[in-house]
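Quick caveat, the model's predicted, so the values are computed rather than measured.
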Amino acid sequence: MDLNNILSQLGSRNSKDIVYLSVTPGVGLELIQLEASSHSVKTYAYRPLQYNESLRQIADMDAFRAAVTELFEETKINIKSNVVLNLPMVLFGSKELPLLLGDEAVTEALTSEVEQSYLFQRYEPLVSWVDSGIQSSGDMRKLFYTAVQKNVVEEIQTILTELGARLVSVEMSLTSLLKALSYSGLVEEQMKDNVTWNLMLVSPSGYSIVSMAGKNIIDYYEEPLAIKSYEGDEIYNAINASAQITLMSYPANYLYVVSETDMVSAELLASRIQADVAVNYFENNSFRKQDIIPVSLEILEETAGKISLEAVGIASQVSLQEKFNFLGESEVFDDPNELVHVVLGSLEFAVSPNTARNISAVACGIILLPFLIIMLMLPMAAKQKQAKLDDLNTRLEQLNSQIGQKQGDLNEAGNFNANKEIKKVLSNNRAKLIGYTALGESVTKNLWITYFSVKDDGKFDIKGASENVEDIYTFFRNMKDSLLNTKLRIHKLEMMTNSVDEAVSIDINQPAEYEFEITNMSDAELAPLPAADSKQQPEQKLAAPNLKPQPIPQEELK
C-alpha cells in the first residue's frame, strides 16, 4: 500500500494547500480551487494580465508577481502553498521515432525538432513529451510533444519561490481544456471509448483541429489566420472555407467548436459549418451564457462568468493519457522539512515525515501479518495450482503463436491503406478545391468568367468580362479574402473594342464591356507557348476573342 494513502486514512494532512493558477489570454491570471464532493468551484478570483500573442509569453513579469500576491490576499489563502500552473500552449506536435531510443535520446531528438521553430530560435525550449499509445508500423512509435520557453518557466518559479509558494507542476492549456470538457460533462457522448470526434479551437491567431478517439488525442492540425484583420462576417467565411477542406482529412462522428476569442462566436461559427456530423459548441469567451460547472454562492455572478475551461481543467485532476508536465514527475508532498499532522480520534499531533512513515510502516505490518500467516499455510495448494497454470500457459503460448502467424498473413494480404490514400488525394487537390470554392462564392451577377486555371502549386489565372469596373473590383476583393496568402493581382483591365473609332464613339444606351485578368503568376509564366507547342497547352479559353462571353451558371461554380 502507498504510505501517503495510509497517512490519509490515519487522518494525516499536509499543512500546505494546493492552489491552481492559470494564465489565460482574454481573462488574465486565475486562481481556483474545486470542491470534489459537490463537483463545483469552491474558491475563485482573477486579475487582468496581458499576454503577448506574438511571443507566446506573459508580457510583464512584474505584473504577474503583483497579480499572484493580490489573488492570495483576496482569497485569504496562505501564500506558502503548493502551486499547479497552467500556461497557454506555445507549440504542439507529433513525431515518429525508433522504439530503441531511450528517454534522454528522445528528449534530445524532440528538442532539435522544436528548435526549428522560429520562436525557439531565440529562446531555449523546455520540452515535455508522451507516448501516443498509437501503434506504428515496424520499429517506430508515435510521440506527442509540447514546448515552452525555458526562461519563462524559470522566472515564474523564481517569483513564486520568493513569495513563499512552491511550484510543483506546469501544464499546458490544450490538455487542461480537454480535462475541463471531461470533468464538466460537456462532451460526455464524444469522450466514450471508440468514438471519433474533432475538437475545433478558435484563438486570436487562427484555429486548430484536434482529432480525438474518446479521451485520447489521435492527430493535431493548426491553421494560422489573421483574425484581427477581418471585419464582421468575413472571419466566419474565411474560417468556414478553410475548415471544410481540413475536416475532410479527419472523418469523425462529432465536431465540437470552442472559441477562445471575443472576435468569434462559437455558436455562430458552428451554425455556418457545413458538416455531415453532429456539431456542438461552447463559448470560452464573453459570449458564454452558461457556467462550466456550478460555483459557490460566495462567488459573484460577474466573477463566475470569467472562469475559463483551462482553469477548471487544471484543478479537476482528470486523468488523461497525454499528461504533460514541464517540471517532470514531481511529488506535491515531498518536502523533508515539513511537518505532517496526524489525527487519531480526538487527538491531533505533528510529527516529522520520517516518523510518520515509521508509524505507517508499523501499522502496515500489523495489517499485513494475518495475510502472511495464511500465505505460509498454503504452500502445497500453491504448488498444485502452479502446475496447472504452467500447463495452461504452455497451451496459451501455442495458441498465440498460431494467431500471430494468421495475423501476419492477413496483414500481408491487406496492406492497402485506404485512409492514407484518401489523405494523399486530398492533399494533392487541396489548392484546386479551395480555388473552385472561392470562385463559386465570389462571382457577382454581372460578371462572366471566360478562363480559369489553378495548378497544384497554388498558381491561379482568371480571365473574364463585366459591364462595369465596380463588379470586377468586387470580384477581385472577394477572391483575395477567400484565397489568403496567394498574392493575387489584377494583371489586365481594359475596355473590349475592335478599333480606336469604336472606343471613341461609345453608345451611352449600350454599356461598355470590360475584360480583365486576375493572377498570381509572373509575366514569364503568363507568356504564351510557341505556335509549335500550342497543342500541349492544358487549358483552353472558354470564349472566342470577338464574341461576347457567355456567363457560366453560378450553381456550377459552387
Side-chain angles (χ1 to χ4, degrees), residues 23 55-57 84-157 167-179 182 196 198-199 201 208-224 249-250 310 313-314 317-332 334 411 417 419-420 423:
V23 178
L55 296 179
R56 302 289 180 91
Q57 64 182 30
V84 178
L85 178 67
N86 169 77
L87 289 178
M89 184 177 69
V90 177
L91 182 145
F92 185 80
S94 63
K95 188 175 182 61
E96 288 191 355
L97 290 175
L99 285 168
L100 297 177
L101 285 181
D103 290 352
E104 292 184 2
V106 168
T107 301
E108 291 179 1
L110 294 178
T111 301
S112 300
E113 179 78 12
V114 168
E115 287 175 344
Q116 303 303 314
S117 169
Y118 76 95
L119 185 62
F120 293 106
Q121 291 176 0
R122 299 174 56 188
Y123 302 100
E124 182 181 356
L126 192 61
V127 177
S128 179
W129 58 271
V130 295
D131 198 311
S132 69
I134 302 173
Q135 185 175 3
S136 301
S137 58
D139 297 327
M140 307 294 287
R141 60 172 173 167
K142 184 175 182 179
L143 306 172
F144 288 117
Y145 63 89
T146 183
V148 296
Q149 302 91 326
K150 185 177 181 180
N151 64 302
V152 171
V153 174
E154 290 177 345
E155 192 167 357
I156 290 175
Q157 191 169 26
L167 186 63
V168 296
S169 178
V170 179
E171 302 181 25
M172 63 99 168
S173 59
L174 176 59
T175 51
S176 297
L177 188 143
L178 287 172
K179 290 194 290 185
S182 174
T196 58
N198 290 321
L199 173 62
L201 298 175
S208 57
I209 301 294
V210 187
S211 179
M212 304 285 299
K215 291 185 178 181
N216 299 328
I217 300 175
I218 301 301
D219 207 347
Y220 177 83
Y221 172 82
E222 186 173 341
E223 181 71 26
S249 300
Y250 301 98
E310 289 84 351
I314 195 67
Q317 299 301 304
V318 171
S319 178
L320 291 180
Q321 178 175 294
E322 295 79 15
K323 179 175 176 58
F324 299 99
N325 182 5
F326 294 106
L327 296 185
E329 296 297 331
S330 58
E331 290 289 339
V332 175
D334 60 358
N411 290 338
N417 191 328
N419 289 333
K420 183 177 180 181
K423 287 185 178 181

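- Side-chain contact check for R122 versus L55: some heavy-atom pair is nearer than 4.5 Å.
- Ring geometry for F92 versus F324: interplanar angle over 60°, hence perpendicular rather than tilted (30 to 60°).
- Contact between V168 and L327 at its shortest, heavy atoms only, is C-CD1, 3.8 Å.
- Side-chain atoms of Q149 come within 3.5 Å of backbone N or O of R56 as a donor-acceptor pair.
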For this session: Quick one: do F120 and V90 satisfy side chain to side chain contact (heavy atoms under 4.5 Å, CB included)? Show the steps, please.
Result: CA-CA 10 Å; F120 293 106; V90 177; 3.8 Å; yes

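- Nearest heavy-atom pair across R141 and L99 is CB-CD2, 3.5 Å.
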For residues 106-115, run the donor-acceptor check on the side chains, cut-off 3.5 Å, and write out each pair with its distance to 0.1 Å, sequence neighbours left out.
residue, atom, partner, partner atom, Å
T107, OG1, D103, O, 3.0
T107, OG1, W129, NE1, 3.0
T111, OG1, T107, O, 2.7
S112, OG, E108, O, 3.1
E113, OE1, K95, NZ, 3.4

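- Looking at residues two or more places apart in sequence or on another chain, you find a side-chain hydrogen bond (donor to acceptor under 3.5 Å, both in side chains) between N86 and S22, S176.
- If you take NZ on K179 and CG on L320, they are separated by 6.5 Å, rounding to the nearest 0.5 Å.
- Nearest approach of D131 to K142, heavy atoms of both residues: OD1-O, 3.6 Å.
- N325 contributes atom CG, which lies 11.5 Å from atom CE of M172 (distance to the nearest 0.5 angstrom).
- The distance from atom CG of N198 to atom CE of M212, rounded to the nearest 0.5 Å, is 10.0 Å.
- Here the straight-line distance linking atom CD1 of I156 with atom CG of N151 works out to 9.5 Å at 0.5 Å rounding.
- When the shell of 6.0 Å around CD of Q121 is examined, it contains more than 12 heavy atoms from other residues, nucleotides or ligands.
- Minimum interatomic distance between L91 and Y145 (heavy atoms only, all atoms of both residues): CD2-CE1, 3.5 Å.
- Contact between F144 and I217 at its shortest, heavy atoms only, is CE1-O, 3.2 Å.
- Qualifying side-chain hydrogen bond (donor to acceptor under 3.5 Å, both in side chains) partners for T196, counting only residues two or more places apart in sequence or in other chains: N253.
- The nearest pair of heavy atoms linking T175 to E322 is CG2-O, 3.3 Å.
- Counting heavy atoms from C-beta on, the side chains of L100 and D139 never come closer than 4.5 Å.
- Annotation: the span from S173 atom OG to L178 atom CG amounts to 9.5 Å, rounded to 0.5 Å.
- Q317 pairs by the side-chain hydrogen bond (donor to acceptor under 3.5 Å, both in side chains) definition with Y20, not counting sequence neighbours.
- V170 places none of its side-chain heavy atoms less than 4.5 Å from the side chain of L126.
- By the side-chain hydrogen bond (donor to acceptor under 3.5 Å, both in side chains) test, E222 is found to be paired with Y220, residues two or more places apart in sequence or in another chain being considered.
- P224 pairs by the side chain to side chain contact (heavy atoms under 4.5 Å, CB included) definition with nothing, not counting sequence neighbours.
- In this structure E155 satisfies the side chain to side chain contact (heavy atoms under 4.5 Å, CB included) test together with M61, I159, sequence neighbours excluded.
- To the nearest 0.5 Å, atom CG of residue L174 and atom OG of residue S208 are 7.0 Å apart.
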